[in-house]
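Keep in mind that the numbers below use all heavy atoms, side chains included, and drop hydrogens, waters and symmetry copies. Residues: numbered from 1 along the sequence shown.
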Amino acid sequence: MRTQVLQLIHISDLHFRKGAPDKVAIALAGRAIDRKARNLVEKHNLGDWHEGTLGHDRVAVSAFRKFLAECKRDEPEWFGDPGNASSPQTWLIDTGDASTFGDVTSFAEAQKRLLEWKAELQPCQFRSLYGNHDAWPGTQPAFLASGYDAHIEQQWNHIRQWNEWCVENWKPLLVSAPGDTYIECRAVNTVSLGFMDNILAVGRVSSDDIEDLCAQLTAAPAGGLHILAMHHPIAFPYETKERSVFGKEKMVLADAAELIRKLRNDEGGAPNGTGHAPLAHLFLSGHTHLAHPGTKLPPNLQTVYQGELSTRQAQFVAGSLLLPRDFKKVRANAQPQVSTQVNDKFALPQIYDATQQFEMLRFFYDDQLEDGFLLERYVFARAPNGGDYRAVPELTNTIEGGDPAFIGW
């Protein structure tokens, strides 16, 4: 017998851009050199400037809200009482970059929309993280080299003003399942406020945060599937050319190797004291604007090795929910596509390139299976950036179609 347990809607990289552009802030600061550098970067699209700074598509905002309303109307069985941990639940998980430039006006618009979407799904539990773009002090930090420390302190205060973004409020989300099993979701901050890290979109997790997270997971009861939400991917099939600029790493999570080593837990015991087990099983992130894996999942996720993750761990990366198509792709009339990265450390190195997308995960308990759940995965996109969000068949696993995946602990 199969039992519905959890519907998880994973969104990321909203990139709201509301109000005056960042060039206004630079001009008001009287930084002529910075303004000229900013204009040069925009003109030549250096560092793929356009893709990360175009801001949100207003029509996509409405299309996503329409999707949520139809989801609630058509399948109300997924919306159980969060106060009853044993009833099916829906979670809305946002993994960061709500804004493009980190300005207060865009923060307000993003927060307004996130809370609207949460309300549309009620009863629903909600988690929102901030991303590296939310740590930009009104523009790319490279254009505010003078006085950066003062700017970033003010930016940190802006981030802290929304309770959802305060790390101490990231309490675990929990849903119970038959057989004394459960699914739990925690979050960890990967955003670095360091000057060069912020310029190059490099993430870091502090050693204290790693130790605290591992201690909490080690103390968790047996029989649980542990999900970790984060902005930067812990495992993503970057190609060499994507990982560096002028010899400096960009985009990556700098502490990934140490975090993976701790969460693999190869040397430690499982929470119930028997055998060995990873402390976290499924990682959800964004940041790249590309969905990964960019293909259907195999019947057993143990065959999906990803970088240094163990065979009992997996990472799902969601693309950008609202970004419009960048100028280069518009001129080339490029359609969304699945591309294969050159990375032999990944069993499924494919990525899905569409600028408006998100994923939905549905977990089922099956009394014929032990130590895990069946998983449906849907990737939705407005392809080619028009109309409603629709499931992409090439990236979809369903129970009804007979091709769910199994994820265990």
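Using a 4.5 Å cut-off on side-chain heavy atoms (C-beta onward), Asp13 and His231 make contact. Under the 4.5 Å side-chain criterion, counting only non-hydrogen atoms from C-beta, Leu114 is in contact with Ile11. A heavy-atom distance below 4.5 Å is found between the side chains of Leu259 and Leu253. By the 4.5 Å heavy-atom criterion applied to side chains, Ser207 and Ile210 are not counted as neighbours. Between Glu153 and Gln155, the closest side-chain pair of non-hydrogen atoms is not below 4.5 Å. In this structure the side chain of Asp103 never reaches within 4.5 angstrom of the side chain of Trp136, judged on heavy atoms. For the pair Ile227 and Leu284, the minimum side-chain heavy-atom distance is below 4.5 Å. Put simply, the side chain of Leu309 reaches to within 4.5 Å of the side chain of Ile260, judged on heavy atoms.
Checking side-chain atoms of Thr218 against main-chain N and O of Cys214 turns up a donor-acceptor pair under 3.5 Å. With hydrogens and angles ignored, the 3.5 Å screen pairs a side-chain donor or acceptor of Gln306 with a backbone N or O of Gln315. Checked by atom type and distance alone, the side chain of Glu376 never pairs as donor or acceptor with a backbone atom of Phe363 at under 3.5 Å. At least one donor-acceptor pair closer than 3.5 Å links the side chain of Arg382 to the backbone N or O of Gly387. Under the 3.5 Å distance criterion, the side-chain polar atoms of Glu308 are left unmatched by any main-chain donor or acceptor of Ala257. Formation of a donor-acceptor pair under 3.5 Å by the Trp156 side chain with backbone atoms of His151 is not found in this model. The closest donor-acceptor contact from the side chain of Asn169 to the backbone of Asn163 lies under 3.5 Å. Of the possible polar contacts, one joining the Tyr182 side chain to the Pro221 backbone as a donor-acceptor pair under 3.5 Å is found. Between the Asn343 side chain and the Glu239 main chain, no donor and acceptor come within less than 3.5 Å of each other. Asp403 places a side-chain N or O within donor-acceptor distance of the main-chain N or O of Thr398, the cut-off being under 3.5 Å.
When only modelled atom types and interatomic distance are considered, Gln350 and Gln341 share no side-chain donor-acceptor pair under 3.5 Å. Using modelled atom types and a 3.5 Å distance limit, the side chains of Thr303 and Asn300 yield no donor-acceptor pair. One side chain, Ser86 or Asn84, offers a donor N or O that lies under 3.5 Å from an acceptor on the other. No side-chain donor-acceptor contact under 3.5 Å links Arg362 and Gln4. Looking only at atom types and distance, the side chain of Tyr130 has no donor-acceptor partner in the side chain of Asp97 under 3.5 Å away. Side-chain contact, Asp134 with Ser99: a donor N or O sits under 3.5 Å from an acceptor N or O. Remark: the His287 side chain and the Asn132 side chain contain an N/O donor-acceptor pair separated by less than 3.5 Å.
Across Ile93 and Ala229, no two heavy atoms sit closer than the pair CG2-CB, 4.1 Å. Here the closest heavy-atom approach between residue Pro123 and residue Phe79 is recorded as CG-O, 3.6 Å. Scanning all heavy atoms of the two residues, the minimum distance from Val379 to Tyr352 falls at CG1-CD2, 4.2 Å. Contact detail for Ser128 and Trp162: the closest heavy-atom pair is OG-CZ3, 3.7 Å. The shortest non-hydrogen separation linking Arg377 to Leu361 is CG-CD2, 3.6 Å. The two atoms that bring Ile351 and Pro237 nearest to each other are CG2-CG, 4.2 Å, heavy atoms only.
The aromatic ring centroids of Trp165 and Phe107 lie less than 6.0 Å from each other. Ring to ring, Phe126 and Trp91 are not that close: their centroids are 6.0 angstrom or more apart. A distance of 6.0 Å or more separates the ring centres of Phe67 and Tyr389. When ring centroids are compared, Trp78 and Phe364 come within the 6.0 Å threshold.
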Let's go through Phe316 and Phe283 carefully: what are the C-alpha distance in whole Å and the side-chain angles of both, what is the deciding distance for ring-ring contact (aromatic ring centres under 6.0 Å, His included) to 0.1 Å, and is it a yes or a no?
CA-CA 6 Å; Phe316 295 162; Phe283 303 90; over 10 Å; no
Test side chain to side chain donor-acceptor pair (under 3.5 Å) on His10 and Thr95 and set out the steps.
CA-CA 8 Å; His10 174 206; Thr95 51; 3.0 Å; yes
Does the pair Tyr148 and Asn198 meet the rule for a side chain to side chain donor-acceptor pair (under 3.5 Å), with working shown?
CA-CA 11 Å; Tyr148 175 77; Asn198 211 352; 3.0 Å; yes
Would Arg65 and Glu70 count as a salt bridge (charged side-chain N to carboxylate O under 4.0 Å, His left out) if you check the C-alpha gap in whole Å, the side-chain angles of each, and the deciding distance to 0.1 Å?
CA-CA 9 Å; Arg65 184 165 186 172; Glu70 292 176 349; over 6 Å; no
Test log, rule side-chain contact (heavy atoms from CB on, under 4.5 Å), inputs Leu129 and Asp94:
CA-CA 6 Å; Leu129 288 64; Asp94 161 42; 6.0 Å; no
Would Leu375 and Leu301 satisfy side-chain contact (heavy atoms from CB on, under 4.5 Å), going step by step from the backbone distance to the final call?
CA-CA 10 Å; Leu375 170 65; Leu301 284 186; 4.2 Å; yes
Let me see the working for Arg186 and Gln216 under side chain to side chain donor-acceptor pair (under 3.5 Å), right down to the final yes or no.
CA-CA 10 Å; Arg186 297 175 185 266; Gln216 294 168 22; 2.7 Å; yes
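Under the 30°/60° scheme for interplanar angles, the aromatic rings of His281 and His226 are found to lie parallel. Note on ring orientation: taking the six-membered ring where Trp is involved, the planes of Phe64 and Phe358 are perpendicular (angle over 60°, cut-offs 30° and 60°).
Taking the ring axis of Phe101 as reference, the NZ or CZ atom of Arg17 does not stay both within 45° of it and closer than 6.0 Å to the ring centre.
Counting heavy-atom neighbours within 6.0 Å of Arg58 CZ, excluding the residue itself, gives a total of 12 or less. More than 12 heavy atoms of other residues, nucleotides or ligands sit less than 6.0 Å from atom CD of Glu77.
A distance of 9.0 Å separates CD in Gln7 from SG in Cys124, rounded to the nearest 0.5 Å. The distance from the CG atom of Leu323 to the OG1 atom of Thr355 is 6.5 Å, given to the nearest 0.5 Å. Atom CG of Asn265 sits about 9.5 Å away from atom CG of Leu217, to the nearest 0.5 Å. In this structure, CG on Leu213 lies 9.0 Å from CE on Met230, to the nearest 0.5 angstrom. The distance from atom NZ of Lys171 to atom CZ of Arg127, rounded to the nearest 0.5 Å, is 9.5 Å. Annotation: the span from Ser320 atom OG to His56 atom NE2 amounts to 11.5 Å, rounded to 0.5 Å.
Checked options Thr340, Leu348, Leu395; the residue passing with Thr295 is Leu348 (criterion: side-chain contact (heavy atoms from CB on, under 4.5 Å)). Each of Asn189, Thr190, Asp255, Asp197 was checked for a side-chain hydrogen bond (donor to acceptor under 3.5 Å, both in side chains) with Arg204, and the lone residue meeting it is Asp197.
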